[in-house]
Amino acid sequence: MTLAGLAPRKRRKRAPAEHTPAEQHPIAQVVLDVQALHLGQTFDYFIDEKDSEAAQPGVLVRVRFGGQRVSGVIWARTDTSDTPRSSIRYIERVLSPDVLVPASMREDIGLVAKAYGGTRANILRFAVPPRVAKVETEQRLAASFRRPVGGSLPDNTQGGFAGRGTNPDGTKLAGSTFAVASTVSEGAAQGYRRLTANYADVNVLHDALTGQRFQSFVFDSLPGAQEWQRNMAWMVATALSAGKAAVVELPTMREVEDLMHMLRNYGLKPFAPAPAGGWVGDVAVLNAETMPAADRYRTYLAVALGQVKVVIGTRAVMYAPVEGPALFAILEDAAYQNMDGMMPYPQARGVMRLRAKSHGGVFVAMANARTPQSQWENTGPGTVETPVSGYSTTIHPLASPLKDATPWVRWLNRDELARLADPSIGARVPHTAVHVLSKALESGPVLLSIPQDSVSETLSCAKCHRQARCAKCSGPLQLPADRRDSTPRCRWCGAAAINWKCPGCGHERMRVVRVGAAGTAAELAGLFRGVPVVLSSKTQGLVRDVACQPMIVIATPGFEPRVRPVSAEQGSAGHEYRAVAVLDAWTSLYALGVDARLDTLTAWMRAVSLCAPRSRGGQALILGETDPALAQSLMLWDSRILAAKDLEERVETGMPPAVAAACVWGRRDAVMTLMQRIGALGGDWTACGELPGMLGPVPIAQPDTVDARELEATADRVKAVIRVPQSRRAELAARLHRETARHVASREPGELRFRVDPKDLI
């Protein structure tokens, strides 16, 4: 459009650019940054001869797709294509000559996408950070220098680390080695002597770390303020001494900082700017949430180019592009932070184990509280190999060191308080606990662990207070959101609880129990007058550390401050609480979810592990009623008790890991159509053994970010669970992927999503 009286501008037609196909392998198979499930295949493009040297598999390129420009990664180069030659376009530009996705990483991405029912583009979105061009020049400068791992730089160098170690196509250089400083090897040998005195079968783990074949381990750690850091640092140092890379996934950045401090004791330095220019270091931190884009891309590029051998961090680190046999270790594999929040929702534990097996490396799941998944892999009935699980060897503490390292744990329930003739039975903090905590405050800080500040609602027996569960599938009962319907329903299968009776006492009435913790600091300030009180929680803010001085620290799970020594004479005792008390233990009886007891024990063990051992007078208290299996697991510091009980119940009720399961949610008609297409309604998956293959559907809330115009479309939103034998897990992921892609490609109405191996089924 032009103004009146003005002639339109004449546009000169540009002559089409002349292209010459590359002489060798002129066709590039490109994975595009397109997240739709039905567009998960590679797309063919011509490579111009002038770009042939730079356009290697694994590099980032820009191409035309439809009417827009999109980024992509060259997956492979071939000579022929099934696409007609006239329909193949040329790659417009090679964005970076660096191989961002090496050959082994491309293979891993394909395996992860297949295991969780997604596409390679879905996984690339998580794995490869956004490109920052200025970083690449810095890294090429640093890549031209070499130095030993754990060693120091000569004064006349400008930066660097180990050499690239890879060819342009992403394969490993022949004879590429990484020198290791003597401090790393000496520290690993010293740590091995300490572990053999405290744990059984450590020699098997040591042989695996120095060997060349895949092995999987479950590591039950001793209590102690710095115990897991020492064990994890030893594994990293041993892997480095054997010439292997190490990838360690941790729940939060607090654990990353703890481990980094311990790795410094081995002489390993963080990947950071050097005074003379460039970035150097032995240990890189990878975090997708808080790291600036440039720092994350710099770290990823350094790992991809082989400049850094050790990568630690939160969930994003599970995609670190390491080469060859490597150590893949995860801490607290039951943590909610371990699942990605977008399709196909991969779990860190499964991804790390899958990659370790693909690389011929070592996988280690370390935790205070063993998960039912780890128990199933170690001793479970019918353990089978799946893409993300299989048999694992256990590393468990020896009896004598365990007794010395564990604080004296006491369960102050009604029976125990009655035996002690405590007149304050029923109080939140009975007199016996006040006496123990007051005595501990004479020499140092005391930690009080309280439940989360949020309030939840559940149903229990009105007589014996046992949690009300469904007679059909053992799921927790709840009142429907619509108060006009007063019939309790199961949160798992949606069945109505008609003529319900408590299996414990036979009572027929239920009561609503509201779980929560508030005003704890004000309440305890009256019991311990004149003692400083520190509160650390999500609502009050995180307190990173406190001095090793008399004070009361009140913290919710995951927000426990570390203890900081105030003098060198305190030694190891300067990092410990003198006593730890778990308040409101009765709330664990009403926690919802399949992993409710496991999450409770994990939180309790995390808090008690910060306490001094009984040899230094450390005591831990469980205040209130709770499941005996929880109390025994904590008192004996043997999470196998609860894990074995959980696994037995899951085998009986048909819950993971006894079976493979997936959650499907969206609009009711879309969910039910998918279930019919995959065989859960009238097909071969109608039953899973003697149990129904499908649970639900049950209504679920609308998304928090739903737009007002979408309210009508999301009004009837439901969730269902599909269960199959573990041996058919791979087929479950494939069917869900195929039918969901069909739903999207056909433009069938309604939201439809799925998640394989969810953390929780509700």
Please evaluate residues Val73 and Leu60 with respect to the criterion side-chain contact (heavy atoms from CB on, under 4.5 Å), reporting the C-alpha separation (whole Å), side-chain torsions for both, the decisive distance (0.1 Å), and the verdict.
CA-CA 5 Å; Val73 175; Leu60 192 64; 4.0 Å; yes
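For the salt bridge (charged side-chain N to carboxylate O under 4.0 Å, His left out) condition, the pairs that include at least one residue of residues 191-206, sequence neighbours left out, are Arg194-Glu227. Residue pairs meeting the ring pair (Phe, Tyr, Trp, His ring centres under 6.0 Å) criterion with at least one partner in residues 183-203, sequence neighbours excluded, are Tyr192-His206, Tyr199-Phe219.
At a cut-off of 3.5 Å, with distance as the only test, a side-chain donor of Asp333 or Thr371 sits close to an acceptor on the other residue. Under the 3.5 Å distance criterion, with hydrogens and angles disregarded, no donor-acceptor pair is assigned to the side chains of His575 and Arg564. Using modelled atom types and a 3.5 Å distance limit, the side chains of Arg640 and Thr379 yield no donor-acceptor pair. For the residue pair Thr386 and Ser389, a side-chain donor N or O sits within less than 3.5 Å of a side-chain acceptor on the partner. Looking only at atom types and distance, the side chain of Glu377 has a donor-acceptor partner in the side chain of Gln373 under 3.5 Å away. Between the side chains of Arg370 and Thr394, at least one donor N or O sits under 3.5 Å from an acceptor N or O. Side-chain contact, Asp340 with Tyr319: a donor N or O sits under 3.5 Å from an acceptor N or O. Residues Ser537 and Thr556 bring no donor and acceptor atom of their side chains to less than 3.5 Å of each other. In this structure, a donor-acceptor pair under 3.5 Å is absent between the side chains of Ser633 and Asp638.
For Glu332, the side-chain hydrogen bond (donor to acceptor under 3.5 Å, both in side chains) test picks out no residue, with sequence neighbours left out. For Asn122, the side-chain hydrogen bond (donor to acceptor under 3.5 Å, both in side chains) partners at least two apart in sequence or on another chain are Gln35, Thr119. With sequence neighbours left out, Ser449 forms a side-chain hydrogen bond (donor to acceptor under 3.5 Å, both in side chains) with no residue at all.
The distance from atom OG1 of Thr290 to atom CZ of Arg296, rounded to the nearest 0.5 Å, is 10.5 Å. Separating the OH atom in Tyr116 from the OH atom in Tyr345 is a distance of 14.0 Å, to the nearest 0.5 Å. Atoms CG and CD1, on Leu195 and Ile395 in that order, are 9.0 Å from each other to the nearest 0.5 Å.
When every heavy atom of Tyr391 is checked against every heavy atom of Ser216, the shortest pair comes out as O-CB, 3.8 Å. The heavy-atom pair separating Tyr266 from Thr183 by the smallest distance is O-OG1, 3.4 Å. Residue Trp637 comes nearest to Pro223 through the heavy atom pair NE1-CD, 3.3 Å, listed as atom of the first residue, atom of the second, then distance. Across all their heavy atoms, Arg131 and Ser96 have their closest contact at NE-CB, 3.6 Å.
Taking the centre of each ring, Phe328 and His359 come in below the 6.0 Å mark.
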Would you mind writing out the side-chain donor-acceptor pairs for residues 601-611 within the sub-3.5 Å range, not counting sequence neighbours?
| residue | atom | partner | partner atom | Å |
| --- | --- | --- | --- | --- |
| Thr602 | OG1 | Leu598 | O | 2.8 |
| Ser609 | OG | Met605 | O | 3.3 |
| Ser609 | OG | Arg606 | O | 2.7 |

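No option in Leu402, Leu398, Asp404 other than Asp404 meets the side-chain contact (heavy atoms from CB on, under 4.5 Å) test with Ser400.
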